[in-house]
Q: 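The structure follows.
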Amino acid sequence: MRAVLLAGGAGTRLRPLTCDLPKPMAPVLGRPIAEHIIGLLRRHGITEIIVTLHYLPDVVRNYFQDGQDFGVHLSYVVEEETALGTAGGVQQAAPFLTEPFLVISGDCITDIDLTAVITQHRQRQGMATLVLSRVTNPRDFGAVVLDDQQRLLRFLEKPTPSEIFSDTVNTGIYILEPAVLERIAAGRPQDFAQDVFPQLITQGIALYGHVAAGYWCDVGHLETYRQVHYDALTGRVRLDRPGREWRTGIWVGEHTQIDATARIEAP
């Protein structure tokens, strides 16, 4: 299975960190968010990855190149003039997506079991499977309601307080059948959550949800960016962490030497 990594975001809410960096390149534990996502895909056997780019595309390409150093093979699709949204960006890669494929947002930190999601998608045989997560405050996400068969009944992107009807939200991770791409107009900005999925539900096409039990965090603003570091260091999320925990709450980078007389206290 191939994956499409959406890495074109500017991340205006993460400024000043993203003034000279695309949002997926913001570092978490010293490595870009996108590198953590690539590591997750590789752990689940997905090594053919198409990366969609828009904001400062050369920063991403120069870092990852063909992906060989990261154990994967990367190719790139660039949204040249205007951002095309999640669906419009993926549609550009349609010639390479002739089998079921995975889409993942480049601005999340997660250790969700992608293999379990893929297995459920194959069993349900729907046109799409959305990976969902339960959150305390769904206002910044797309709220979703499922029936007893895990089929999507309702979908509302970024609901107002009076519109909230569910604590189950869209993570921006999808397993899609190639037929979905036929319903996306080429070269026109479109979003899966706002445009494509609501239309498919209205047409009675089967979309399913997979409520994942793993860790997921949308790194949408500076507060969550800071929190995801705490969660990574305390083991709430499985990430490849550089260095080692020298003492409780004290992490030491590779090739670091600490003098025996040094006194270091954890936060």
Q: side-chain contact (heavy atoms from CB on, under 4.5 Å), that's the test. Do Val131 and Val117 meet it? Break it down for me.
A: CA-CA 7 Å; Val131 179; Val117 182; 3.5 Å; yes

Q: Could you grab the distance from atom CG of Leu14 to atom CE of Met25, nearest 0.5 Å is fine?
A: 14.0 Å

Q: Decide yes or no for Val77 and Ile50: does some side-chain heavy atom of the first lie under 4.5 Å from some side-chain heavy atom of the second?
A: yes

Q: Would you call Trp216 and Cys108 a side-chain contact if the rule is heavy atoms closer than 4.5 Å?
A: yes

Q: Compare every heavy atom of Gly71 with every heavy atom of Thr47, then report the nearest pair and how far apart it is.
A: CG2-O, 3.8 Å

Q: Once you round to the nearest 0.5 Å, how far does CD1 of Ile109 lie from NE2 of His229?
A: 8.5 Å

Q: Side-chain donor-acceptor pairs under 3.5 Å in residues 175-185, sequence neighbours left out?
A:
from	atom 1	to	atom 2	distance (Å)
Glu177	OE2	His121	NE2	2.7
Arg183	NH1	Gln203	OE1	2.8

Q: Working note: Leu114 + Ile173, criterion side-chain contact (heavy atoms from CB on, under 4.5 Å); need CA distance, chi angles, decisive distance, verdict.
A: CA-CA 9 Å; Leu114 300 179; Ile173 305 172; 4.2 Å; yes

Q: To the nearest 0.5 Å, tell me how far Leu53 CG sits from Gln92 CD.
A: 10.0 Å

Q: Are Val103 and Leu6 close enough, and set up right, to give a side-chain contact (heavy atoms from CB on, under 4.5 Å), and what steps lead you there?
A: CA-CA 7 Å; Val103 175; Leu6 307 177; 3.9 Å; yes

Q: Got a sec, which residues hit side chain to side chain donor-acceptor pair (under 3.5 Å) with Asp69, two or more places apart in sequence or on another chain?
A: none

Q: What I want to check is whether the side chains of Gln227 and Asp231 have a donor and an acceptor closer together than 3.5 Å.
A: yes

Q: Can you give me every donor-acceptor pair (side chain of residues 31-39, partner residue at least two apart or in another chain, under 3.5 Å) with its distance?
A:
from	atom 1	to	atom 2	distance (Å)
Arg31	NH1	Asp240	O	3.3
Glu35	OE1	Tyr63	OH	2.6
His36	NE2	Val28	O	2.8

Q: How close do Leu56 and Cys19 get, counting heavy atoms only, and between which atoms?
A: CD1-O, 4.3 Å

Q: Evaluate the ring planes of Phe197 and Phe192, with Trp represented by its six-membered ring, and classify them as parallel (under 30°), tilted (30 to 60°) or perpendicular (over 60°).
A: parallel

Q: Does Tyr225 reach the main-chain N or O of Leu17 with its side chain, forming a donor-acceptor pair under 3.5 Å?
A: no

Q: Between the main-chain N or O of Thr12 and the side-chain N or O of Lys23, is there a donor-acceptor pair closer than 3.5 Å?
A: no

Q: In residues 242-254, what donor-acceptor pairs under 3.5 Å come from side-chain atoms, sequence neighbours left out?
A:
from	atom 1	to	atom 2	distance (Å)
Glu245	OE2	Gly249	N	3.0

Q: Applying side-chain contact (heavy atoms from CB on, under 4.5 Å), run through Ile118 and Met1 and close with a yes or a no.
A: CA-CA 9 Å; Ile118 295 168; Met1 177 174 285; 3.8 Å; yes

Q: Between the main-chain N or O of Thr171 and the side-chain N or O of Ser133, is there a donor-acceptor pair closer than 3.5 Å?
A: no

Q: Does a sphere of radius 6.0 Å around CG in Asp20 hold more than 12 heavy atoms from other residues, nucleotides or ligands, not counting ones at 6.0 Å or beyond?
A: no

Q: Is it the case that the side chains of His210 and Thr129 hold a donor-acceptor pair, with the cut-off being a distance below 3.5 Å and no angle test?
A: no

Q: Can you find a pair of side-chain heavy atoms, one from Thr52 and one from Leu5, that are under 4.5 Å apart?
A: no

Q: Kindly work out whether a path of hydrophobic side-chain contacts (I/L/V/M/F/W/Y, heavy atoms less than 4.5 Å apart) joins Leu102 to Tyr76.
A: yes

Q: Does Asn62 reach the side chain of Val60, with side-chain heavy atoms less than 4.5 Å apart?
A: no

Q: Looking at Glu223, I'd like to know if its CD atom is crowded, meaning that more than 12 non-hydrogen atoms belonging to other residues, nucleotides or ligands lie closer than 6.0 Å.
A: yes

Q: What distance do Phe101 atom CZ and Glu48 atom CD have between them, rounded to the nearest 0.5 Å?
A: 15.0 Å

Q: Between atom CG of Leu40 and atom CD1 of Ile104, what is the distance when rounded to the nearest 0.5 Å?
A: 5.5 Å

Q: Between Tyr55 (side chain) and Thr18 (backbone), is there a donor-acceptor pair under 3.5 Å?
A: yes

Q: Mind checking the CD1-CG spacing from Ile49 to Leu41? Nearest 0.5 Å is all I need.
A: 4.5 Å

Q: Provide the closest heavy-atom pair for Val237 versus Ala232 in the form atom of the first, atom of the second, distance.
A: CG1-CA, 3.6 Å

Q: Same cluster or not: are Tyr208 and Met127 linked, directly or through other Ile, Leu, Val, Met, Phe, Trp or Tyr residues, by side-chain heavy atoms under 4.5 angstrom apart?
A: no

Q: Step by step, work out the salt bridge (charged side-chain N to carboxylate O under 4.0 Å, His left out) result for Asp111 and Arg238.
A: CA-CA 6 Å; Asp111 57 10; Arg238 178 191 172 191; over 6 Å; no

Q: If only atom types and distance count, is the side chain of His44 paired as donor or acceptor with the main-chain N or O of Thr115 below 3.5 Å?
A: yes

Q: Which heavy atom of Val228 sits nearest a heavy atom of Cys217, and at what distance?
A: CG2-CB, 4.4 Å

Q: Strictly distance-based, threshold 3.5 Å: is any side-chain N or O of Arg2 a donor or acceptor partner for the main-chain N or O of Phe96?
A: yes

Q: Of all residues at least two apart in sequence or in a different chain, which pass the side chain to side chain donor-acceptor pair (under 3.5 Å) check with Arg226?
A: none

Q: Sequence neighbours excluded and cut-off under 3.5 Å, please list the side-chain donor-acceptor pairs for residues 259-267, or say none.
A:
from	atom 1	to	atom 2	distance (Å)
Asp259	OD1	Thr261	N	2.8
Asp259	OD1	Thr261	OG1	2.5
Arg263	NE	Glu265	OE2	3.1
Arg263	NH2	Glu265	OE2	2.7

